[in-house]
**Student:** 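First the structure, which I've put down as structure tokens, then a few questions once you've had a look.
Predicted model, so just to flag it, every value in this text is computed and none were measured. Below, chain A is the first sequence line, B the second, and so on; all start at residue 1.
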Amino acid sequence: MLKTDNTSRNLCIAFVLLLLVGLILPNWLAFLTTIALAKAMVVVGLVMLMRAGLVSFGQGLYYCLGGYTVGIAGQHLGITDAVGILFVSAFIAGCLAALLGLLLCRYREIFFAMLTLAFSMILYGVLVKTSELGSTDGFNVAKVTLLGWQPSPGQLSLVVYSLACLVAFLTAFFMHRYYQSGMGFAGEAVRENEIRVEYLGVSPQRVVFIKYVLAAMLAAVGGSITAMIAGHVDPEMAYWTTSGEFVFVALLGGTGHVVAAFIGAFLFEVIRTIAFDLAPYTWQMILGTTLLLVIFFLPKGLWSLLKAKKVGGNNV
Amino acid sequence: MDTLLVILIDGIVYSSWLFIVAAGLTLVYGVMKILNMAHGSLYAIGAYSAASMVGWYFTNGYVPWASYLVFLAAAILAGAFAGLLIERGLLRVMYGRDEVVMILVTYGVLLILEDVIKLLWGVEAYFAYQPYSLVGRTKLLGITFANYDFVLIAAAVVIGAMLWAGLNRTIQGKLLRAVIHDRDISMAMGINVKRTFFVTFVLGSALGALAGGLTAPALSVVPGIGIEVGILAFAVVVIGGLGSVGGAAVGALMVGIARAIAVHTYPQVELFVIYGVMAMVLVVRPQGLFVSTVARKI
Amino acid sequence: MSQDSQPRKNSRFHLTVFALIAMLTAVLSVGTPAPAQAEDGTFKLGLVTFLSGGAAGPFGVPARNAAELVIEAINKGTLPAPYNSIGIAGQAIEPIIIDEAGGGTKQVGEYRNLIQRKNVDAVIGYISSGDCMAIAPVVEELETLTVFFDCGTPRIFEDNKYKYLFRTGPTSTMDNVAAARYVLDINPDLKSVSGINQNYSFGKDSWADFKGSIQTLKPSVEFKTEQFPKIYAGQYGAEVSSLMLEKAEVIHSSFWGGDMEGLVLQGAARGLFDDFTGVFTCGETGMFRLADQIAEGTILGARGPFGVYAPKSPLNDWLRKNFMARYGTPPTYPAYKMAQALMGLKAAADKAAATAGKKPTQDEIIAAFTGLEFEGPGGTVKMALGNGHQAVQDMYYGQYSNKNGKPTMTNVKRYPADCVNPPDGVTSTEWIKNGLKQASCK
């Protein structure tokens with residue numbers, strides 16, 4: 001099982017490259033990349049669900065939860081260790097997801113989407129109501145430390161960037177293996193035909209449950225990284241537009257490969273930044289048009305381009 | 001007791017509005033299986049068209065009573081035209097895609113329409129309040145109500161009745177129901193499904209715009225008014241059961257009355273009402289209230 | 001769904017790779033600063049306001065319009081004295097405009113882009129308090145002069161100290177303390193109050209400040225219903241019924257923009273504000289557009305001495321005349337606040353230039369800005385709070401009247417800055433709770 005394939009090797013190379021590039025990246029680009037990596041974490045989880053035929057319109061719930069975990073831990077509990085918080089927020093999100101997952105694993109299609117949406121909007125409502133956490137204004141997050149070391153504000157973004165790279169690499173690496181495991185394939189089987197999955201002695205409910213919890217943990221880690229780099233959290237992170245953005249990115253990248261989510265997330269951030277730059281009045285139109293073009297010409301996302309090349313190359 | 005009656009009236013007024021907004025959405029979903037995220041933008045287009053029409057009408061000083069016909073017609077026409085463009089220009093080439101992909105397609109349309117509206121009408125607020133105060137007010141239970149709100153109830157009833165009659169009492173409606181029931185068999189039986197889709201989408205868009213037109217007099221028509229409305233209509237439709245017109249009516253009533261109760265007794269929870277009701281209904285009836293559970297395919 | 005996309009051509013792949021590279025170069029090249037820029041005498045200024053969404057119409061676009069107008073005048077040197085010199089310390093302003101939409105995280109990213117990629121010399125912007133909260137720590141990290149022009153939360157300078165950050169607009173505390181004082185001044189026998197505010201930070205804070213001030217000033221006042229509809233809700237039928245049933249003499253609302261106008265319309269249709277006095281702390285923006293819908297005697301605020309409340313001065317006359325001529329509407333308070341921020345920046349830079357005798361450094365401008373007292377279109381602005389970084393101004397309230405077909409404000413009362421703002425070092429919440437001490441209201 002543990003023999004390395006091309007993807008695993010390429011991932012390792014990409015990881016090292018990203019780390020090295022981080023040293024020379026201008027600060028704003030490092031910020032953009034970190035945000036993209038953080039969002040990609042959420043999208044990886046979403047893609048995992050999508051491969052099982054389920055679309056969550058409420059990943060913002062866990063994204064926000066992760067962000068607020070960082071904020072509350074640093075601001076109110078005095079816990080600032082970056083790595084520790086990542087584990088804590090993944091754990092908290094996992095617990096909540098396990099609870100909601102018991103209910104959600106019975107739902108499919110649009111109902112799964114709408115119920116996840118409802119849950120994330122309820123968290124949004126709770127946060128808006130909570131004046132102690134700054135209501136819609138949110139609050140600022142204390143600067144994180146790394147194993148007892150307090151980086152200076154200038155170093156902080158490089159530290160979070162490197163952490164994001166590491167987490168993204170580990171996620172991509174293991175997710176790639178996961179997709180090739182029995183459990184990974186079970187997802188696609190659930191999408192194609194649940195009853196046949198049952199006949200094979202696998203519980204689709206259980207498959208969905210596990211995927212949902214995993215996706216939630218990934219989303220929380222993404223939210224935590226966003227909070228660390230942006231230095232601020234607000235309930236907007238749980239709003240349906242945020243969750244919608246993740247689905248947007250998932251489709252942009254495609255569900256064909258774990259790396260697609262990262263490419264999609266990075267491109268999304270770049271496109272949006274360019275749109276803000278070039279057309280401050282009509283950037284929404286640019287985003288909308290991009291989305292439609294991708295759906296029309298690349299139904300399987302940007303990844304289908306890369307794949308087309310590979311197969312095409314073999315033919316020649 | 002009085003408060004109870006006021007709650008009921010407020011609830012029904014709000015429900016009527018919700019129903020008008022949600023009717024087009026549920027119709028489109030029922031027939032085409034497209035959950036139209038851009039429904040709110042069509043609502044906004046209707047509101048803007050109505051508001052500019054009212055502004056033009058009253059500055060020219062025509063007979064005030066006839067303004068209702070003019071601005072509602074403007075809203076319906078604008079909505080139908082927008083629907084036509086979207087269907088012919090975009091959806092037609094996307095049919096057959098996954099349901100979720102279609103949601104994303106309409107999300108793209110929403111983003112584009114938001115900016116198109118801004119380009120067409122600017123960001124300044126439009127007002128159309130003349131028709132709102134024209135019908136006067138009524139004193140009831142010690143407080144004053146605007147008669148226009150009762151007009152809204154009547155409009156909801158008329159729209160609901162027309163949809164019901166259209167679907168159940170006309171040949172076209174029966175064909176439509178056949179398509180709702182089973183698209184493939186209908187196609188095999190010779191129903192022109194593509195045309196049905198076209199008609200439904202234009203009708204649904206016109207309904208969405210009509211909702212905006214009817215609401216415009218009570219609003220300041222500004223950018224972004226459609227976005228929140230769109231997601232609200234979503235919730236109503238999901239509660240009632242996607243694709244069911246009767247379900248949308250019941251969903252609207254539940255949300256409307258729950259909201260009125262919250263506002264009058266415990267305003268703090270108003271924010272949760274809609275999603276709370278939606279979560280509760282879905283927990284009990286995963287398919288929404290008015291849709292029977294579908295058999296699982298092997 | 002199941003069939004694979006057909007692998008077609010090799011060129012498709014190359015095309016994408018090419019497109020990706022082109023795209024990235026585009027981003028990079030747009031931002032690469034030409035090295036000559038620092039020397040050629042332009043002052044690059046980032047401007048951030050809402051250009052889309054619900055806050056664009058009432059706030060973002062009037063502010064952008066004012067910015068356009070004032071920047072043009074500054075570059076030509078046609079503003080009235082004391083701003084009749086050309087440019088910011090002699091440098092022409094080159095504005096870069098950005099939409100504030102997208103939330104705190106997105107705005108932090110855009111702010112970094114402005115500073116690090118576009119190399120702006122200063123940033124003026126931010127309407128949403130949430131965005132201001134998110135940006136504030138980044139300002140200190142990136143060490144670039146930044147001026148908040150509109151956002152209202154007092155938390156920013158009360159929670160922290162800043163070197164590079166200034167706010168030339170007063171806080172929302174001032175609006176609501178003054179509103180409470182005004183309500184009691186015109187009706188000393190006030191018995192009951194209700195409130196309807198949007199369910200988000202600004203609405204909740206506004207109501208808390210107003211309620212707290214009333215409780216401090218006249219503890220016998222009874223509080224009836226407290227409505228908190230969702231922001232952008234649009235439909236307030238049930239809320240209006242509830243307000244009518246509760247029969248409080250005064251109804252406080254910090255609604256703004258479309259929501260405020262919607263509430264005015266829906267209240268007008270049912271006579272709500274004929275029977276009970278409405279207090280709209282942000283009501284001024286709708287005053288002319290809804291002239292025949294606002295009830296007589298309704299109390300309107302403009303979040304400072306802006307719009308109709310701006311005292312007569314050459315600067316005010318200039319802004320009104322030129323804004324009206326170019327955009328066809330009188331300038332509302334967001335326009336005043338933007339003009340005020342630009343004038344504050346110019347005042348500080350010009351002062352620093354005069355002291356230094358050459359083009360001032362950023363630190364010199366900041367030193368000049370701290371504690372500065374300058375004239376704006378709304379009168380004198382004192383950078384008095386937050387160690388000289390937060391402005392205070394006089395506050396005005398009045399009652400709306402449209403008796404002779406011309407919308408005007410009657411019974412206008414002025415509240416001096418010291419009367420409606422806490423002393424430096426005291427937070428607004430404490431100040432209100434402990435009895436509005438040290439307020440000098442004469």
**Student:** Tell me, with the steps shown, if Tyr124(A) and Trp240(A) meet ring pair (Phe, Tyr, Trp, His ring centres under 6.0 Å).
**Tutor:** CA-CA 9 Å; Tyr124(A) 174 80; Trp240(A) 66 270; over 10 Å; no
**Student:** Spell out, as yes or no, whether a donor-acceptor pair under 3.5 Å connects the side chain of Gln362(C) to the backbone of Leu145(C).
**Tutor:**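 Between the backbone of Leu145(C) and the side chain of Gln362(C) there is a qualifying donor-acceptor contact (under 3.5 Å).
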**Student:** Hey, do the aromatic rings of Phe246(A) and Tyr63(A) have their centres closer than 6.0 Å?
**Tutor:**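 Under 6.0 Å, so yes.
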**Student:** Would you say the ring centroid of Phe139(A) lies under 6.0 angstrom from that of Tyr68(A)?
**Tutor:**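 That pair passes the under 6.0 Å test.
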**Student:** Tell me, side chain or backbone of Ile229(A) under 4.5 Å from chain C's heavy atoms, or both, or neither?
**Tutor:**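 Backbone of Ile229(A) only, per the 4.5 Å heavy-atom cut-off to chain C.
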**Student:** Check step by step if salt bridge (charged side-chain N to carboxylate O under 4.0 Å, His left out) holds for Lys44(C) and Asp121(C).
**Tutor:** CA-CA 5 Å; Lys44(C) 278 181 126 184; Asp121(C) 295 298; over 6 Å; no
**Student:** Considering heavy atoms only, which positions within residues 195-210 of chain C lie below 4.5 Å of chain A?
**Tutor:**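 Residues in range: Asn199(C), Tyr200(C), Ser201(C), Lys204(C).
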**Student:** Between Tyr162(C) (side chain only) and Ala136(C) (backbone N and O only), is there a donor and an acceptor less than 3.5 Å apart?
**Tutor:** no
**Student:** Do Arg112(C) and Trp28(A) meet the cation-pi criteria used here (NZ or CZ under 6.0 Å from the six-membered ring centre, within 45° of the axis)?
**Tutor:**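 That pair does not qualify as a cation-pi contact.
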**Student:** Look at Lys106(C), Glu110(C), Gln107(C) and state which one has the largest set of heavy-atom pairs under 4.5 Å with chain A.
**Tutor:**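 Heavy-atom pairs under 4.5 Å are most numerous for Lys106(C).
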**Student:** Using a cut-off of under 4.5 Å for heavy-atom pairs, which of Ser52(C), Gly102(C), Gly130(C) has the most such pairs with chain A?
**Tutor:** Gly130(C)
**Student:** Would you please indicate if the ring centroids of Phe248(A) and Phe268(A) are separated by under 6.0 Å?
**Tutor:**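 Yes, the ring centres sit under 6.0 Å apart.
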**Student:** Quick check on Ala56(C) against chain A: is it the side chain, the backbone, both or neither that has a heavy atom closer than 4.5 Å?
**Tutor:** neither
**Student:** Ion pair present between Glu245(A) and Arg272(A), side-chain N to carboxylate O less than 4.0 angstrom?
**Tutor:** yes
**Student:** Is Gln284(A) in contact with chain C via its backbone, its side chain, both, or neither, using a 4.5 Å heavy-atom distance?
**Tutor:**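 For Gln284(A), side-chain heavy atoms alone lie under 4.5 Å from chain C.
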**Student:** Tell me, for Asp234(A) versus chain C, whether the close heavy atoms (under 4.5 Å) come from the side chain, the backbone, both or neither.
**Tutor:** side chain
**Student:** Go through the atoms of Ser128(C) and report whether side chain, backbone, both or neither lie under 4.5 Å from a heavy atom of chain A.
**Tutor:**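 Contact with chain A: none, neither part.
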